[in-house]
**Q** 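Got a structure for you, questions after.
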Amino acid sequence: MPCAHVHDSPVLEMCGCGRFYLTYGPVTVAFKYAEFVKFARNVARLADTAVEKLGTKVLADTQQTH
């Protein structure tokens, strides 16, 4: 199993035992299927929240007058 992807992208692999291994840089986390799906959905939700907050801040910063 690789330690890190060439472009520091996460790598997801499935073992013959049915576990998922998510590697990001030097960190690898093992999940059962249901655990991985729950984790992935929560990360997606957090990403959506961050994008919404960052997008709002970026728009507010660009509309300020000096």
Side-chain angles (χ1 to χ4, degrees):
M1 196 169 4
C3 194
H5 191 270
V6 177
H7 303 289
D8 285 335
S9 295
V11 176
L12 182 64
E13 298 179 271
M14 188 173 131
C15 181
C17 69
R19 286 193 178 267
F20 288 84
Y21 293 91
L22 176 64
T23 301
Y24 189 76
V27 178
T28 299
V29 182
F31 298 94
K32 293 179 182 174
Y33 176 75
E35 294 169 333
F36 174 73
V37 171
K38 185 176 181 179
F39 173 79
R41 287 182 175 156
N42 282 319
V43 169
R45 181 184 52 79
L46 292 171
D48 289 343
T49 300
V51 167
E52 287 174 13
K53 287 183 179 181
L54 181 61
T56 301
K57 181 177 177 358
V58 169
L59 286 175
D61 288 347
T62 60
Q63 294 176 359
Q64 290 180 352
T65 57
H66 297 266

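The structure displayed is predicted, hence computed values, not measured ones.
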**Q** Rounded to the nearest 0.5 Å, what's the gap from CE on Met14 to OH on Tyr21? Could you check?
**A**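 If I round to the nearest 0.5 Å, the distance is 11.0 Å.
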**Q** Kindly compute the distance separating CZ (Phe20) from SG (Cys15), expressed to the nearest 0.5 Å.
**A**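 With rounding to 0.5 Å, CZ (Phe20) is 11.0 Å from SG (Cys15).
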**Q** For residues 34-45, run the donor-acceptor check on the side chains, cut-off 3.5 Å, and write out each pair with its distance to 0.1 Å, sequence neighbours left out.
**A**
residue, atom, partner, partner atom, Å
Glu35, OE1, Lys32, N, 2.7
Asn42, ND2, Lys38, O, 3.2

